[in-house]
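Heads up, the thing below is written out as structure tokens.
Sequence positions, counted from 1, serve as the residue numbers for this chain.
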Amino acid sequence: MSSSIPSMFQTPGPGDLANSDYPQPTPPLTIIIFGASGDLTRRKLIPALYDLKVDGLLHPETRILGVARSPKTHEEFRGELRSAVQTFSRSPDHIDLFAEFEKGIFYHSMTFDDPNGYTAIRTTLLSDEFRKPTEGNVLFYLATQPSFFVPIIRNLKNFSLSNINEEPEETPHPFTRIIIEKPFGRDLATARDLNREVLQVFSENQVYRIDHYLGKETVQNILVFRLSNPVFSSLWTNTFVKSVHISVFETVGVEGRGGYFEEAGILRDMVQSHLFQLLTLTAMEPPVAFEAGSIRDEKVKVIRSLKPVRTEDIPRSIVRGQYTVGEVDGVPVAGYRNEPKIPPVSDTPTFAKLRVEIQNWRWAGVPFFLTAGKRMSRRETLVHLIFKEFPFALFRLAGSPDTIPNELTIRIQPNEGISLRFGLKHPGGTFVIDPVDMDFSYQQAYRTQSPEAYERLLHDAIVGDSTLFARNDEVENSWSFMAPFLGDLTKLSPLRFYTAGTDGPEEQDRLSNSISH
Ligand code: BG6
């Protein structure tokens, strides 16, 4: 495939806003990050905002107010963020801009139930130093542990922060928005509660439920690839597709987040969120228009079309696993039960493979396999379609041992790209078929680094584009489908153990072999 990219696709350099293909710069605003001492702020949020700045997309009048329990001064906070940017941003070579960036960074220490804290935030937001240059625009970011989401939302209302812009004096009218991190609830009931709480305080169009997989270039490309190429669009149905395999393999374990992971497990941490996003984008119908409402409508329809799993279906619909001591990339690693904060008898899954069916015109009869695993042999996220074979294998008669199914693989990460497998005549006097791959690699073609997922999503939330965020009904429907898998499955789907650094439990192949229920 082509490796020369037309110049219109080249990414502008630092500070270059002249290219009209590139996203619009953000308006001025204050971003209030609750949970500002956490890993997410340090590793993702601040580096992403800094990269937006380096790309010339962040308005110079952007204020960032970090809020967390640990006491520290503005200066200490800025110092921490400087080293975070040097370590985690895409632009460590442009650290010279940090001096300007940090002028807009502030810190406020408080517990999330402290009335004085919210009063102080309100005073800050209304002060001339904030209100005037930011034109009153406010974005709250909930990056705390999920148990703090509801108390913070209630306090935003009680202390008149959520409606700080209700009296419109300015033109244009300033916005108030809120980004809520995943996991959004831990089951249907808690997701509904959280939706109810947040929608009592904000309207749906102010709420941005984030799933960072939607910010990944290659995830967005699933739609572009499917819907801009007639050749592939026409194959994208049960007439041609035999099975679809969506997999997120990670080499990392629980990375010091034992307490959280023990509560969540792989089904809540990865499947209900990231894998469902990949599933909906892979399976949805073309939207009537490429805009938030239409795209979200189609995604919800996919989830609502999932065949509900009855108790008796569970054994053939899921395999759950947990890693034991092993080696990843040659380095010895602990078993899950020996990780910090994990009980030695934990039966929390770190691996799951689900077999689901979409009961609609396009996909009836095609099994979709969703697999997620920690401490696997490799880091790899794939959407893999296996196409049906001819009912008659002509070349088997001509001496070829087998037929080769066509396969399409969208590599979401790493080594982002797309490959198509087909059969080809092996050179020589026989009709033996060889499988060969036609391969497209993003890196070879573009040679530029794509923006990080959080850059794209923060940018979109600031400019008010909710296309890449989950809507309330999407979240609730996905929890509703997941309900049968979230109970006690000890008997219906016993936990299978796999050695860290391998491909997961052997039992997973049993699901793959059964094509229909
Ligand atoms: C997070 C999960 O949402 O996604 C983590 O909580 C997981 O457990 C991470 O490791 C994976 O993200 P990525 O972008 O590295 O694939």
Side-chain angles (χ1 to χ4, degrees), residues 38-40 43-44 145-147 181-183 185-187 190 211-213 245-276 278 314-315 317-355 369-382 413-414 479 482-512:
D39 246 24
L40 184 72
R43 283 173 178 265
K44 300 288 184 190
Q145 282 173 30
S147 56
E181 259 300 328
K182 71 166 263 282
R186 51 173 287 108
D187 54 22
T190 48
D211 182 313
H212 79 277
Y213 266 53
H245 304 252
I246 299 176
S247 316
V248 182
F249 300 141
E250 296 183 274
T251 50
V252 292
V254 292
E255 303 293 289
R257 295 192 307 156
Y260 155 76
F261 197 86
E262 179 59 13
E263 284 285 302
I266 200 83
L267 291 168
R268 294 185 171 90
D269 184 48
M270 298 295 292
V271 178
Q272 181 273 339
S273 47
H274 305 326
L275 275 97
F276 264 60
L278 297 173
I314 287 182
S317 302
I318 184 168
V319 170
R320 303 178 315 133
Q322 188 187 80
Y323 62 82
T324 56
V325 59
E327 250 186 34
V328 174
D329 294 331
V331 179
V333 296
Y336 179 72
R337 291 178 174 185
N338 305 112
E339 301 270 18
K341 300 196 186 151
I342 306 297
V345 291
S346 162
D347 62 359
T348 298
T350 59
F351 171 99
K353 179 166 181 173
L354 272 69
R355 180 189 189 286
F369 296 96
L370 309 180
T371 313
K374 298 264 178 205
R375 287 284 189 230
M376 305 288 281
S377 62
R378 61 196 183 284
R379 173 171 182 258
E380 192 171 69
T381 299
L382 303 175
Q413 63 186 26
W479 280 122
M482 288 298 289
F485 297 116
L486 299 176
D488 179 2
L489 298 188
T490 324
K491 292 214 173 74
L492 292 166
S493 170
L495 198 62
R496 311 289 181 177
F497 293 93
Y498 61 101
T499 308
T502 63
D503 294 338
E506 284 167 14
E507 289 80 2
Q508 64 183 291
D509 294 337
R510 284 200 214 139
L511 290 185
S512 319

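Distance alone, capped at 3.5 Å, places no donor-acceptor pair between the Asp329 side chain and the Val331 backbone. Glu263 places no side-chain N or O within 3.5 Å of a backbone atom of Tyr260 that could act as its donor or acceptor partner. Remark: the backbone N or O of Arg375 is not paired with any side-chain donor or acceptor of Thr251 at under 3.5 angstrom. In this structure, Thr350 contributes its side chain and Tyr323 its backbone to a donor-acceptor pair below 3.5 Å.
Each of Lys374, Gln272, Arg320 was compared with Ile266 under the side-chain contact (heavy atoms from CB on, under 4.5 Å) criterion, and only Lys374 meets it.
Between Asp211 atom CG and Glu181 atom CD the span is 9.0 Å, to the nearest 0.5 Å. Interatomic distance, Tyr336 OH to Thr324 OG1, rounded to the nearest 0.5 Å: 14.0 Å. Between the CG atom in Leu278 and the CG atom in Leu370 there is a gap of 9.0 Å [rounded to 0.5 Å]. One finds the CD atom of Gln508 at 12.0 Å from the CG atom of Leu354 (value rounded to the nearest 0.5 Å). Atom OG1 of Thr502 is separated from atom CZ of Phe351 by 9.0 Å, given to the nearest 0.5 angstrom.
A heavy-atom distance below 4.5 Å is not found between the side chains of Met376 and Thr371. For the pair Pro183/Pro146, a side-chain contact is recorded, criterion being any heavy-atom separation below 4.5 Å from C-beta on. For the pair Leu486/Trp479, a side-chain contact is recorded, criterion being any heavy-atom separation below 4.5 Å from C-beta on. For the pair Met482/Arg268, no side-chain contact is recorded, criterion being any heavy-atom separation below 4.5 Å from C-beta on. Counting heavy atoms from C-beta outward, Met270 and Leu275 have side chains that approach closer than 4.5 Å. Contact of the Leu267 side chain with the Ile318 side chain is registered, since non-hydrogen atoms from C-beta on lie closer than 4.5 Å. Phe485 places none of its side-chain heavy atoms less than 4.5 Å from the side chain of Ser493.
Of all heavy-atom pairs between Lys341 and Gly258, the closest is CB-C, 4.3 Å. Residues Phe369 and Leu511 share a closest heavy-atom pair of CE2-O, 3.5 Å. In plain terms, the two heavy atoms of Thr499 and Val325 that are nearest each other are CG2-O, 3.4 Å.
Glu262 and Ser346 are linked by a side-chain donor-acceptor pair at a separation below 3.5 angstrom, with hydrogens and angles left out of the test. Side-chain contact, Gln322 with Arg337: a donor N or O sits under 3.5 Å from an acceptor N or O.
Applying the ring-ring contact (aromatic ring centres under 6.0 Å, His included) rule to Phe249 yields no partners; only residues at least two apart in sequence or on another chain are considered. The salt bridge (Lys or Arg N to Asp or Glu O under 4.0 Å) search around Arg378 returns Glu380, Asp503, not counting sequence neighbours.
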request  = Kindly indicate, with the supporting measurements, whether the criterion side-chain contact (heavy atoms from CB on, under 4.5 Å) is fulfilled by Leu40 and His212.
outcome  = CA-CA 11 Å; Leu40 184 72; His212 79 277; over 6 Å; no

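Annotation: Glu506, atom CD; neighbour count of heavy atoms from other residues, nucleotides and ligands within 6.0 Å does not exceed 12.
Salt-bridge annotation for Asp39 and Lys44: absent, with no side-chain N of the basic residue lying under 4.0 Å from a carboxylate O of the acidic one.
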